[in-house]
Amino acid sequence: MNELNNREKEEFRTSISFIEQFIAEDIKEGKNEGKVVTRFPPEPNGYLHIGHAKAICLDFGMAKKYKGKCNLRFDDTNPVKEDVEYIDSIKEDIRWLGFDWEEREFYASDYFGKLFDFAVELIKRGLAYVDDQPADLISAQKGSPSQPGTESPYRSRPVNENLDLFERMNKGEFDEGSRVLRVKIDMTSPNMHMRDPIIYRIIKSPHHRTGSSWMVYPMYDFAHGQSDYFEGITHSLCTLEFEVHRPLYDWFIDQLKTGDYRPRQIEFNRLNLTYTMMSKRKLLELVQEGRVAGWDDPRMPTLCGLRRRGYTPEAIKRFVDLIGYTKVEAINDVSLLEHAIREDLNMKAPRVFGVLNPLKVIIQNYPEGKVENVELVNNPEDESMGKRLVPFSNEVYIEQDDFMENPPNKFFRLAPGMEVRLKGAYIIKCTGFKKNAKSGAIEEVYCTYDPETRSGGNASDKKVKGTLHWVSAAQALNAEVRLYDRLFDHEDPSGQKDDDYRKFLNPDSLKILTGCKVEPSLAQAATLDRFQFQRLGYFCIDPDSTVSMLVFNRTVPLKDTWAKVNR
RNA sequence: UGACCCAUGGUGUAAUUGGCAACACGUCAGAUUUUGGUUCUGAAGAGUCCAGGUUCGAAACCUGGUGGGUCAACCA
């Protein structure tokens with residue numbers, strides 16, 4: 001209720017991102033007849049991560065808000081790096097987030113013909129030339145950011161010769177790397193991207209969509225802006241590092257355009273998160289080196305990893321909404337992401353009892369063999385989620401942490417002589433315990449219960465300091481629980497100049513608990529179902545889970561002020 | 001011996017575009033609670049990177065610094 005009020009308050013806020021301000025101004029000025037067309041342009045060479053979610057939310061979000069369209073376009077200009085496997089996963093992840101590109105699934109490769117024709121046109125206009133020099137020479141001639149470049153000796157090659165060579169490059173007459181097509185701009189430009197950039201190179205590997213029909217492929221810089229133009233994109237939203245490319249894209253569009261229309265590129269900051277990294281290359285290394293179990297390892301910042309971890313699309317979108325879009329290179333605190341998932345799951349996740357580190361409690365005055373079904377609320381935040389029955393008997397498991405032989409001052413749990421409530425059942429009092437003489441480990445705890453204190457009963461309003469979750473031993477289901485922590489123990493693992501990011505891998509990022517006990521209602525749970533294990537955290541069923549062995553992933557622990565007091 | 005971008009509590013963002021620096025997360029305290037969760041109340045925490053300038057008035061505009069980022073793939 002109150003949380004809703006908070007959300008409502010936030011929705012009333014008038015501030016919109018600088019990007020949205022630009023879009024709103026463009027609409028107001030009647031640009032593009034007030035239309036908004038955006039696109040999400042991934043390269044199919046890896047899995048999507050939460051940084052992509054930030055872009056997806058913007059691209060699809062702006063289109064939706066301003067009654068426009070958002071295209072999905074795969075920027076597939078480099079056949080050696082790309083694969084259909086990635087296309088499928090990307091589409092799955094975007095759909096999972098809840099966005100729809102309808103029939104507008106495009107590929108940069110759809111435009112290879114148009115792009116080739118445009119390149120030929122540039123040659124004819126004397127604006128492009130074939131360079132026969134090797135890569136290292138071309139690179140050396142480019143100069144450096146503080147040093148102007150020098151012109152290629154092939155720069156003034158006659159038009160006919162360029163035309164002939166370019167056609168023959170595409171027929172496969174020359175080896176990869178032997179020739180490239182460059183555009184003629186300015187080798188002394190302070191902007192490196194304007195120093196006669198390469199627009200076409202020879203690649204003989206087959207392309208996942210066009211097969212072997214092309215032997216030359218456009219560079220990203222030559223394909224991206226024009227693809228936007230071909231699709232009628234009005235607002236081309238991308239990350240900050242493309243800011244310096246914008247003059248080049250504008251140059252191409254100047255040569256291409258026939259009217260007033262041109263896409264407007266607006267750059268925003270990438271998403272960075274503490275204790276992780278977004279580099280696709282490094283994420284791939286983690287997978288290939290076996291440091292994680294795969295792209296969907298629940299410790300990965302990939303969308304499939306977060307999904308398997310138990311994150312909801314709503315929480316991810318909420319998080320993206322909270323961090324905003326600016327031009328500042330920021331590192332966002334993971335605690336905000338965790339806040340977003342807790343906030344969402346608090347409303348949605350049914351409560352259940354699960355004991356991670358079981359300790360048997362024997363209730364000595366409760367009849368042996370008797371089983372009562374006690375009623376528990378599924379979600380105190382949402383009455384419509386109903387109630388369920390949970391079996392109670394004379395032997396129950398509680399959490400090892402919930403018992404102490406010699407408790408400190410504010411320990412509101414079980415200890416010799418102390419009383420606690422077993423949530424939904426009875427108040428019990430500890431009368432003794434069994435301790436392993438060698439290890440000192442507590443093996444069993446003995447209690448008595450007060451029959452009058454059953455929840456809902458006569459003396460049920462009796463106050464005790466602590467309430468524990470529990471699972472009846474005889475009916476308990478066995479479970480494996482995987483506890484995840486941050487993958488790295490450094491806030492910015494990939495930003496350290498002198499240290500490899502692997503050095504900061506957190507050795508405790510995964511802990512597997514095998515002897516866990518959960519309430520019998522969980523037998524019906526399906527893969528990826530999410531629950532709150534009361535007093536512990538949010539958990540979901542892992543795809544590895546089977547009928548004989550339930551497997552849970554901990555999405556995020558509950559806030560724990562007791563643990564905080566103890567540190 | 002460059003060009004471009006950026007700078008607001010610990011973190012991320014606001015500030016109706018020149019008018020009392022606000023919100024969220026986090027932190028701390030209290031209340032409520034059959035979850036040490038949730039919820040509620042309150043507090044601490046920046047005077048807006050620095051120095052000048054314009055102005056009745058600057059976080060915002062101008063100049064110059066400082067600091068950070070990006071750019072030299074036949075990657076995207």
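Letters A, B, ... mirror the listed sequences (proteins, then strands); counts begin at 1. Computed from a prediction, not measured in an experiment: that's the story for all the values here.
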Taking the six-membered ring for Trp, is the centroid-to-centroid distance between A:Y200 and A:F222 below 6.0 Å?
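Here the rings of A:F222 and A:Y200 have centres that are less than 6.0 Å from each other.
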When you measure from the side chain of [X], which nucleotide among [options] comes out closest?
{"X": "A:S15", "options": "B:rA76, B:rA15, B:rU11", "answer": "B:rA15"}
{"X": "A:T561", "options": "B:rG36, B:rA14, B:rA72", "answer": "B:rG36"}
{"X": "A:V244", "options": "B:rC6, B:rG2, B:rU70", "answer": "B:rU70"}
{"X": "A:Q532", "options": "B:rA72, B:rC75, B:rU35", "answer": "B:rU35"}

**Report entry** Where RNA chain B forms stems, i.e. three or more consecutive Watson-Crick or G-U pairs with both distances under 3.5 Å
**Finding:**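 Ordered by first number, the stems with RNA chain B (at least 3 consecutive pairs each) read B:2-7 with B:66-71, B:10-13 with B:22-25, B:27-31 with B:39-43, B:49-53 with B:61-65.
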Review point. Is the shortest distance from a Lys or Arg side-chain nitrogen in A:E43 or A:K81 to a carboxylate oxygen in the other one below 4.0 Å?
Key: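 A salt bridge is absent here (no side-chain N lies under 4.0 Å from a carboxylate O).
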So does A:K142 pair up with A:D196, basic N to acidic O under 4.0 Å?
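A:D196 and A:K142: not salt-bridged.
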Ignoring hydrogens and angles, does a donor from either the side chain of [X] or the base of [N] sit under 3.5 Å from an acceptor on the other?
{"X": "A:R535", "N": "B:rU35", "result": "no"}
{"X": "A:S455", "N": "B:rU34", "result": "yes"}
{"X": "A:E338", "N": "B:rG26", "result": "no"}

*Is it true that the NZ or CZ of A:R179 lies under 6.0 Å from the centre of A:F174's six-membered ring and within 45 degrees of the ring axis?*
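Yes, A:R179 sits over the ring of A:F174.
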Report yes or no: is the cationic atom of A:R530 (NZ for Lys, CZ for Arg) closer than 6.0 Å to the six-membered ring centre of A:Y538, at no more than 45° off its axis?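 Cation-pi check for A:R530 and A:Y538: fails.
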With side-chain hydrogen bond (donor to acceptor under 3.5 Å, both in side chains) as the test, pick out the partner of A:R73 among A:D75, A:D76, A:N71.
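Answer after filtering A:D75, A:D76, A:N71: A:D75.
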(Q) If you count every heavy atom of other residues, nucleotides or ligands that lies below 6.0 Å from A:R155 atom CZ, does the total exceed 12? (A)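 Result for CZ/A:R155: enclosed.
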Any residue meeting salt bridge (charged side-chain N to carboxylate O under 4.0 Å, His left out) with A:D402, in chain and number order, not counting sequence neighbours:
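Per chain and number, A:D402 pairs via salt bridge (charged side-chain N to carboxylate O under 4.0 Å, His left out) with A:R413, A:R535.
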request  = Give a yes/no answer on whether the side chain of A:T326 brings an N or O atom under 4.0 Å of OP1 or OP2 in B:rG12.
outcome  =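 No, no such contact exists.
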At a cut-off of 3.5 Å, list every protein nitrogen or oxygen paired with a nitrogen or oxygen from nucleotides 28-33 of chain B, distance to 0.1 Å.
from: B:rC28; atom 1: OP1; to: A:R567; atom 2: NH2; distance (Å): 3.2

